[in-house]
Amino acid sequence: MPSSLFTSIDLRDLTLANRIVVSPMCQYSADDGSANDWHRQHLGSLAVSGAGLLMIEATAVEQAGRITHGCLGLYSDANEAALGRVVAACRRFGNTKLGIQLAHAGRKGSAQRPWQGGRALRREDGAWLTSAPSPIALDEGWPPPHALTAADLDRIEAAFVAATRRAVRLELDLVEAHCAHGYLLHEFLSPIANKRSDAYGGSLENRMRFPLRVATAMRAAWPSEKPLGARITGTDWLPGGFSVEDAVVFARALKAIGCDYVCVSSGGIVPKAPIPVAPGYQLELAARVRRDAGVVVRAVGLLAEPHQVETVIASGQADMVAMARAFLDDPRWPWHAAEALGAAVSYPPQYERSRSTLWPGAKLVRPARAAE
Ligand SMILES: Cc1cc2nc3c(=O)[nH]c(=O)nc-3n(C[C@H](O)[C@H](O)[C@H](O)COP(=O)(O)O)c2cc1C
């Protein structure tokens, strides 16, 4: 049977060679939002991986929308020029399409890099005032954010549009709105972070209003032949939080405004939630959203074993699979999955000689894994 994972998929006029997506991964290594040599080698390596799509990390639409001082941004001409250099290198050598995730960190901003502790920044380390739907701190030890006013919402919507326009100029293939992991757009969606009493709080319809406003404005600024997606949360994993039923409603609403797929993730609205982390733990959420909302779905979350990932696509649980840590561990994951599934994948010519089929009877010996 031919592999389902290695079949192409069309999103508007964009064709992805296969269903494998490099999940967006913050690198916390930018200079005032500008990409540098780290991003060039990180994305450059993943751009020759054979994945159908490489997502550039959560990229802040305004400086105060970064998580850390090292987060990538697309809020200045310098940011755009720096990312342009990285994109050009990926295009020159790469064989994957390039997408970008646009984001605003909301009350999770002004944080240390994960390897510095991931806590709220202190004033002497350059803390800034964060903002959110309601002035509720993320957790103990975090300052209360500023509750966004109507004028702030206009400004942030305009920032998403401006960043989208920069992505147009960079000729990226796809843009995605980050509506998950407890960042600003998710904070509007979740009753845990959103206690507003205006048109943006209360009912699900009201809580969806700002994320949908942003996605609609992005859609209008993005070429009609190119796909726009969203990463959404499938559940907050908390009583009284955003639920999978809400995710279905939100996904339907996104589809109605011209969104071409949703990536179903979960968690992150507060640091401590009982998340049942296990291989494929978000798959049921993805399958449910796909079935009930009738949208194209990307699954994510501890999916790394090639046959398991193949089954996700073949069984119709999702249309694409994103992987993050598996790609950090093995940037050649698609080559090895193609080998395991008997499928074809494109190599850059410089690396073609590592293709296992060119070594009949003398397979490359890879170090054994503990689990193998
Ligand atoms: C280093 C790292 C950075 C991440 N940064 C982002 C990000 O920028 N945007 C996002 O939506 N998710 C981010 N995530 C979450 C991943 O995209 C993915 O959803 C999560 O790691 C689960 O997938 P996995 O089990 O394949 O790693 C990050 C994960 C890692 C490990």
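Order of listing sets the numbers, starting from 1, for every ligand and every atom in it.
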Side chains of [X] and [Y]: do they bring a donor and an acceptor to under 3.5 Å?
X: H69; Y: D125; answer: no
X: H39; Y: Q27; answer: no
X: D31; Y: S34; answer: no

Return yes or no for this condition: an N or O of [X] is under 3.5 Å from an N or O of ligand 1.
X: S265; value: no
X: R325; value: yes
X: C26; value: yes
X: A326; value: no
X: E57; value: no
X: A58; value: yes
X: Y28; value: no

Where is the nearest protein heavy atom to [atom]: which residue, which atom, and how far?
atom: atom 28 (C) of ligand 1; answer: P24 O, 3.8 Å
atom: atom 2 (C) of ligand 1; answer: M25 CG, 3.8 Å
atom: atom 20 (C) of ligand 1; answer: A324 CB, 4.2 Å

For this session: Report yes or no: does a heavy atom of G301 sit under 4.0 Å from some atom of ligand 1?
Result: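 Distance cut 4.0 Å: G301 passes for ligand 1.
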For this session: Check the angle between the aromatic planes of W335 and Y347 and answer parallel, tilted or perpendicular using the 30° and 60° thresholds.
Result: parallel
Exercise. Taking the inter-plane angle between the rings of W38 and H42 on a 0 to 90° scale, is it parallel (under 30°), tilted (30 to 60°) or perpendicular (over 60°)?
Worked result: parallel
Exercise. Are any of the side-chain nitrogens in D13 or K226 under 4.0 Å away from the carboxylate oxygens of its partner?
Worked result: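 Salt bridge between D13 and K226, a charged N being under 4.0 Å from a carboxylate O: no.
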Under 4.0 Å from any heavy atom of [X], which atoms of ligand 1 are there?
X: Q101; result: 7 (C), 8 (O), 9 (N), 10 (C), 11 (O)
X: S23; result: 16 (C), 17 (O), 18 (C), 19 (O)
X: V300; result: 18 (C), 19 (O), 23 (O)
X: R231; result: 10 (C), 11 (O), 12 (N), 15 (C), 16 (C), 17 (O), 18 (C), 19 (O)
X: M323; result: 26 (O)

Exercise. Where is the tightest heavy-atom contact between W142 and A111, given as atom of each residue plus distance?
Worked result: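 Looking at all heavy atoms of both residues, the closest pair is CH2-CB, 3.7 Å.
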Seminar exercise, completed: V248 and V289 have their tightest heavy-atom pair at CG2-CA, 4.1 Å
For this session: Kindly say whether the aromatic ring centers of W128 and H146 come within a distance under 6.0 Å.
Result: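 Ring centroids of W128 and H146 are no less than 6.0 Å from each other.
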Exercise. Is the side chain of Q101 donor-acceptor paired with the backbone N or O of A177 at a distance under 3.5 Å, no angle test?
Worked result: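 Not at all, since once roles are kept as given, no pair shorter than 3.5 Å links the two residues.
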